[in-house]
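Each remark here refers to the structure printed beneath this line.
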Protein chains: 6
Amino acid sequence: MNTTVWMNQLSWVDYQQRIRIEHPPVLLPVGALEQHGPHLPLGTDGLLAAAVAADTAARVGGLVAPTLSYGYKSQPKCGGGQHFCGTTSVDAATLIGQVRDAVREFARHGVDKLVIVNGHYENQWFLIEGIDLGLRDAKAADPACALQVMRLEYWDFMTPETLGHVFPDGFPGFALEHAAVLETSMMLHHHPGLVRMDLLPNDGPADFPPYDMYPSRPDWVPPSGVLSSAKGADAVKGQLLSDEVARRMAEAITTGFTRP
Amino acid sequence: MNTTVWMNQLSWVDYQQRIRIEHPPVLLPVGALEQHGPHLPLGTDGLLAAAVAADTAARVGGLVAPTLSYGYKSQPKCGGGQHFCGTTSVDAATLIGQVRDAVREFARHGVDKLVIVNGHYENQWFLIEGIDLGLRDAKAADPACALQVMRLEYWDFMTPETLGHVFPDGFPGFALEHAAVLETSMMLHHHPGLVRMDLLPNDGPADFPPYDMYPSRPDWVPPSGVLSSAKGADAVKGQLLSDEVARRMAEAITTGFTRP
Amino acid sequence: MNTTVWMNQLSWVDYQQRIRIEHPPVLLPVGALEQHGPHLPLGTDGLLAAAVAADTAARVGGLVAPTLSYGYKSQPKCGGGQHFCGTTSVDAATLIGQVRDAVREFARHGVDKLVIVNGHYENQWFLIEGIDLGLRDAKAADPACALQVMRLEYWDFMTPETLGHVFPDGFPGFALEHAAVLETSMMLHHHPGLVRMDLLPNDGPADFPPYDMYPSRPDWVPPSGVLSSAKGADAVKGQLLSDEVARRMAEAITTGFTRP
Amino acid sequence: MNTTVWMNQLSWVDYQQRIRIEHPPVLLPVGALEQHGPHLPLGTDGLLAAAVAADTAARVGGLVAPTLSYGYKSQPKCGGGQHFCGTTSVDAATLIGQVRDAVREFARHGVDKLVIVNGHYENQWFLIEGIDLGLRDAKAADPACALQVMRLEYWDFMTPETLGHVFPDGFPGFALEHAAVLETSMMLHHHPGLVRMDLLPNDGPADFPPYDMYPSRPDWVPPSGVLSSAKGADAVKGQLLSDEVARRMAEAITTGFTRP
Amino acid sequence: MNTTVWMNQLSWVDYQQRIRIEHPPVLLPVGALEQHGPHLPLGTDGLLAAAVAADTAARVGGLVAPTLSYGYKSQPKCGGGQHFCGTTSVDAATLIGQVRDAVREFARHGVDKLVIVNGHYENQWFLIEGIDLGLRDAKAADPACALQVMRLEYWDFMTPETLGHVFPDGFPGFALEHAAVLETSMMLHHHPGLVRMDLLPNDGPADFPPYDMYPSRPDWVPPSGVLSSAKGADAVKGQLLSDEVARRMAEAITTGFTRP
Amino acid sequence: MNTTVWMNQLSWVDYQQRIRIEHPPVLLPVGALEQHGPHLPLGTDGLLAAAVAADTAARVGGLVAPTLSYGYKSQPKCGGGQHFCGTTSVDAATLIGQVRDAVREFARHGVDKLVIVNGHYENQWFLIEGIDLGLRDAKAADPACALQVMRLEYWDFMTPETLGHVFPDGFPGFALEHAAVLETSMMLHHHPGLVRMDLLPNDGPADFPPYDMYPSRPDWVPPSGVLSSAKGADAVKGQLLSDEVARRMAEAITTGFTRP
């Protein structure tokens with residue numbers, strides 16, 4: 001039997017057999033098409049979400065559904081904002097609908113463990129709404145629906161210890177980690193050919209006030225789109241982070257779906 | 001002329017005159033109807049958002065529009081979750097629509113400074129979408145539309161210094177601050193009659209895994225709904241916090257609307 | 001136990017206990033932010049809906065949920081129209097969604113008697129749609145859902161006798177009663193500090209053709225926004241009207257929820 | 001040239017010529033598929049709206065667009081309610097969308113006078129929303145859009161004098177006029193073959209409380225669906241009413257589209 | 001009892017009796033208001049869908065619901081495109097909603113056989129979505145819902161033999177059959193007074209590339225709107241086609257609703 | 001400079017430079033996650049749409065945006081239907097929204113040539129609606145918007161000559177070509193490792209009546225999901241087809257965007 005983790009490479013016959021016999025978790029990566037400075041590609045968020053989903057799936061016998069490649073609109077403080085050319089985003093209703101439909105469909109397949117792996121900070125709350133509405137639909141269609149959904153942002157599985165290794169001068173927090181050390185290191189590990197370390201900008205750290213303005217203020221954001229420097233990123237750190245994330249996500253999946 | 005900060009207490013004639021002559025900021029508080037433990041009322045988030053909005057408006061000659069009293073669905077990690085009786089929430093589309101309409105209408109009035117004061121963590125991203133769509137509508141209706149919108153969560157205006165005073169043993173962070181020291185202190189300052197310090201539960205701090213589950217797990221949340229203890233809350237701290245928030249929000253409004 | 005009628009002042013524990021033990025009706029006032037001439041405040045409709053809801057709740061042991069303060073778009077013949085500065089309205093989808101969500105949430109709480117108290121004529125049909133969709137959702141989620149909803153416009157509880165007292169020269173009908181004798185009298189009773197009898201315009205009665213035009217015609221509407229004169233309004237009449245409305249609404253709630 | 005009033009019988013070439021040269025008003029009838037007692041057909045509201053639209057169009061050189069045959073959900077007090085078999089209604093969003101699209105399309109054609117002729121009481125507010133959103137779209141697409149829309153309920157063009165003739169014992173008001181004297185008389189005039197005077201029920205007048213209940217109470221409504229008796233209806237009255245309505249609607253169209 | 005096939009001419013009492021006793025199929029014609037060259041009227045698609053629906057209903061004891069007269073936006077390759085004056089179309093959401101509501105309502109009536117008779121090519125996929133969502137609603141409301149829906153485009157019931165008769169030089173295929181031989185012949189049979197054979201354009205056949213462009217290219221389409229010539233159309237062919245379609249649709253209804 | 005065709009592998013800086021200097025066409029592949037028999041993977045439609053898009057882009061200096069991997073609901077006659085496990089589809093509103101947002105975003109980037117490459121038959125009409133609404137948005141935001149969109153189904157670029165080679169016994173038409181010779185050959189060319197020729201079912205050709213039924217009839221569809229046999233498929237044919245499609249799509253892009 002086909003042992004790939006990639007659901008779209010399975011025939012429906014193989015997929016059905018695995019769902020019915022193995023009851024695997026299905027992981028759905030959600031990314032974005034968003035500027036990530038001059039050194040990282042527009043697809044970074046989706047590529048990393050898919051990479052950690054695949055590593056995790058390999059550990060737990062799971063499957064990875066095709067990535068949702070377009071994310072919610074970029075915000076200045078976490079992704080630089082919508083004024084960058086190349087950032088290609090969706091409205092809330094679209095992302096909510098996409099997740100709602102996916103939840104309803106996986107429930108119909110008989111999947112009982114769906115894991116939504118978010119790689120773009122701005123997506124989080126629309127994923128939550130999509131899951132809630134999808135489960136509402138699924139229960140209306142079948143009150144006995146057994147599907148449980150886990151939603152996670154993959155970086156939340158990095159431990160303080162590992163972050164301490166990666167940032168020997170102290171981890172400055174996730175707030176400005178856009179196209180910075182964490183993402184750059186992980187891309188160097190998973191997709192080294194797509195990283196241009198020679199183009200690393202020296203921008204940042206950006207300094208934001210405790211409020212947001214709309215229309216957004218491009219001058220709040222470094223012209224490169226990088227919110228803090230990726231200096232110090234390397235593939236070894238990327239592997240360390242990726243391995244930890246995959247290991248701990250696998251653990252969460254193994255333990256988290258058992259109702260207490 | 002009527003000098004109240006409450007927009008709904010002004011006649012349209014007085015409102016129009018103030019908008020045309022003084023160009024005041026209009027503050028729109030957004031709350032929730034959500035469990036806040038046995039010691040705080042369901043309306044806490046809206047009451048506090050309105051209170052800090054009013055204090056701020058008094059400092060900058062602003063107006064406060066009627067509070068949006070129903071917020072987005074409560075999540076276990078920030079508000080306890082939707083399984084509590086009394087929590088009365090709206091779907092994403094409703095909150096987005098409410099804000100979109102408000103933005104479009106204030107633009108029509110000729111308001112140029114709208115401040116959305118959020119008092120319920122779960123609302124944030126739906127406010128963002130509502131503002132974005134509202135400005136899209138407003139620009140389509142009038143390309144010369146001059147409205148700028150500021151969005152803020154009021155607690156982001158508390159300084160580390162003040163939080164240090166309030167938490168002499170160290171500020172544990174905002175994550176579990178639901179119905180805890182900050183909100184309880186501020187309610188003791190603004191609405192002492194609505195706080196039952198005798199019913200303070202001893203729950204928490206809650207301990208959550210780095211992922212979320214749907215349907216949510218009620219057993220993750222203390223039965224009281226309180227995520228960390230409100231012990232140590234008092235009205236003096238509430239006043240300290242409220243004053244700082246109002247003062248710094250006023251400053252933000254004064255400086256933030258000037259395009260750099 | 002907390003005996004307030006205001007739901008947002010109750011803790012969830014108190015609310016739950018009352019719902020489970022007393023099965024009280026929950027009243028949801030719906031208003032508008034709409035011009036009401038130079039003598040009444042923009043919030044008149046919500047303030048009056050909340051006031052009669054509270055008086056009624058006090059008589060039947062009910063609770064009053066937070067007012068929906070933004071109503072459907074003002075129409076020239078009943079509220080003067082959307083061209084007035086200060087009138088701040090929502091699209092149909094928003095109001096429908098807000099009511100739909102509220103119905104679904106109160107059904108989840110186990111409320112069996114929900115009373116929607118409308119204070120803004122233009123809201124009526126969108127409330128109807130919101131209730132219908134909310135009950136559709138609630139039945140899909142739980143076929144045994146026992147929630148019944150009563151919807152009313154509070155002025156329909158005024159008797160011809162009382163209207164005869166209030167209008168000694170004959171009641172001209174509700175059609176032009178915007179910011180006129182009824183609303184002004186009731187505001188003088190409930191919120192005398194918000195009424196400026198010295199600014200009473202002498203406009204009206206407005207005279208409308210038997211059709212409507214879009215875009216609306218501002219010249220159809222007196223510049224003050226008042227459709228007929230509020231002359232003769234006083235607080236005694238306001239009390240008479242308010243008391244009758246509350247008494248008869250209480251009666252309706254007591255008898256109306258018993259299935260025949 | 002084809003001189004029919006029915007737009008759907010014109011070729012696009014003839015239609016275009018008439019729009020460009022004559023600038024005729026276009027009338028859009030809106031009805032319902034709704035029980036009208038045992039003596040009138042389900043399509044009564046659409047048939048009458050189309051009939052008065054055609055009579056009016058003939059007087060003013062107008063065109064009649066195809067009727068919207070499905071109306072908003074029937075309510076007990078005005079149409080008997082949704083529990084009747086045969087009543088086939090649409091949700092608010094559908095009717096709003098249908099009207100919105102029509103407004104946008106007629107604006108694109110260069111129509112400058114659109115008249116929405118409502119024959120089903122429950123439709124009114126959703127027509128209003130559809131017109132408002134359609135004009136919003138049309139202005140966004142073309143700020144110079146010259147389309148004006150008139151909306152009317154045809155019965156509002158009956159004068160007290162004529163109603164006095166029709167009801168020699170006094171006109172009881174429009175409230176219960178569902179499948180009663182007015183509609184039955186007009187159907188006898190326009191579609192005598194669809195009226196079964198031998199089946200006239202003796203029901204009513206229905207007596208409703210000053211509130212509405214949801215789910216609706218079928219026992220409030222006479223089993224026949226008729227809210228007050230159609231006794232006394234005849235074709236002569238129908239002609240009298242129809243002629244007056246058409247004459248006065250024609251007058252309204254002739255004078256109402258001139259901006260004052 | 002009233003034996004008409006037209007549902008809107010039945011009283012609800014007669015309709016209910018037929019539904020309960022005879023379980024007739026209900027046919028819902030869906031058309032468009034769309035240019036059909038200088039020789040055919042704008043309403044052609046709805047008129048023909050209703051005509052074949054009525055002929056079919058007469059054969060199987062069915063009922064015909066009021067036509068949905070406004071169809072999805074015309075496309076250059078099948079209907080000429082939206083740039084023609086007179087073409088009056090709806091957005092996808094509107095058509096989907098209209099069908100969704102109809103499905104839900106007929107399910108409520110107890111109809112078990114609904115046939116959606118499409119007369120406008122562009123409608124097809126939105127009808128599919130409307131049916132799917134309507135059945136989803138109907139099942140959520142009543143898991144025992146027995147309604148089955150048949151959807152068809154009427155021209156798919158023409159046999160190669162008959163098309164061979166109609167096109168002695170060989171049937172060129174349905175692709176360009178807009179306002180051409182088939183529709184013109186059928187209109188000559190059903191509505192001869194609405195056809196202007198003297199205005200038959202000599203356009204076409206249109207020649208399209210294997211892709212579509214948006215905004216559409218008016219110069220791809222003959223100025224008359226006719227995609228291929230209607231020369232050779234006559235009423236005899238129209239009767240032949242109509243009879244075959246009605247006979248075979250009747251057969252499909254008789255056999256198609258029996259679950260295999 | 002990065003010369004990849006894959007947009008998500010470009011940094012925003014490189015992307016912006018290419019858009020501004022080269023004005024390349026941007027190709028957006030749209031697929032589905034849908035059963036394709038036991039021998040082809042679930043992701044076939046998206047994989048092939050992306051493959052031909054990439055080949056085409058390489059010929060015209062274009063870019064390929066991330067594939068929309070989830071398509072509209074599978075229908076029995078073209079994709080087997082929604083009853084297959086593994087088929088994971090979206091509602092119309094979701095797909096429409098996704099395309100609408102993409103059109104709006106590429107317009108904002110300054111893209112002037114967008115090519116939507118459809119690989120799943122069921123998607124077509126929802127892509128059309130998404131493009132129409134996206135252009136409506138883009139024009140409202142910027143009346144000078146220069147974006148043109150081309151939409152195509154890639155198989156329409158296969159010539160009768162080539163199909164004659166591929167089907168020596170005569171091309172049976174596209175109707176049943178689901179998971180059959182064309183798709184299997186192209187997958188053998190582009191993704192040979194994902195094809196299991198040893199599992200080729202012998203099903204079909206399926207025989208469908210000239211109507212559709214809802215809920216769909218699983219017994220109409222061969223249990224394998226294959227509508228006609230893939231016997232005779234090979235990689236050489238796949239290359240022949242793919243090359244022709246890419247060559248002719250490149251030609252269409254080169255010539256099609258020039259306004260005549």
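Each chain gets a letter, A, B and so on, in the order the sequences are listed, and its residues count up from 1. Since the structure is predicted, the reported quantities are computational estimates derived from the model, not experimental observations.
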How are the rings of F167(D) and F171(D) set to each other: parallel, tilted or perpendicular (split at 30° and 60°)? tilted
Below 4.5 Å, heavy-atom pairs only: which of E122(D), Q124(D), E153(D) has the largest tally toward chain C? E122(D)
Could you look at I128(D) and say if it's the side chain, the backbone, both or neither that has a heavy atom under 4.5 Å from chain C? both
Heaviest contributor of heavy-atom pairs below 4.5 Å to chain D, chosen from D91(C), L135(C), V115(C), is D91(C)
Taking only Lys NZ, Arg NE, NH1 and NH2, and the carboxylate oxygens of Asp or Glu, determine whether E105(C) and R108(C) approach each other closer than 4.0 Å. yes
Which atoms form the tightest heavy-atom contact between P215(C) and K139(D), and what is the distance? CG-NZ, 4.2 Å
Please rank A92(D), P209(D), A252(D) by heavy-atom pairs under 4.5 Å with chain C and give me the top one. A92(D)
Can any side-chain N or O of D45(D) pair as donor or acceptor with the backbone N or O of V30(D) at less than 3.5 Å? no
Is it the side chain or the backbone of D132(D) that comes within 4.5 Å of chain C heavy atoms, both, or neither? side chain
Who wins among W125(C), F157(C), F126(C), Y72(C) for the most heavy-atom pairs under 4.5 Å with chain D? W125(C)
As a test of understanding, state which of L176(C), D207(C), D203(C) forms a side chain to side chain contact (heavy atoms under 4.5 Å, CB included) with L227(C). L176(C)
If I measure from the heavy atoms of chain C, does L133(D) come under 4.5 Å with its side chain, its backbone, both, or neither? side chain
Angle between ring planes, F208(C) versus W220(C), binned at 30° and 60°: parallel, tilted or perpendicular? tilted
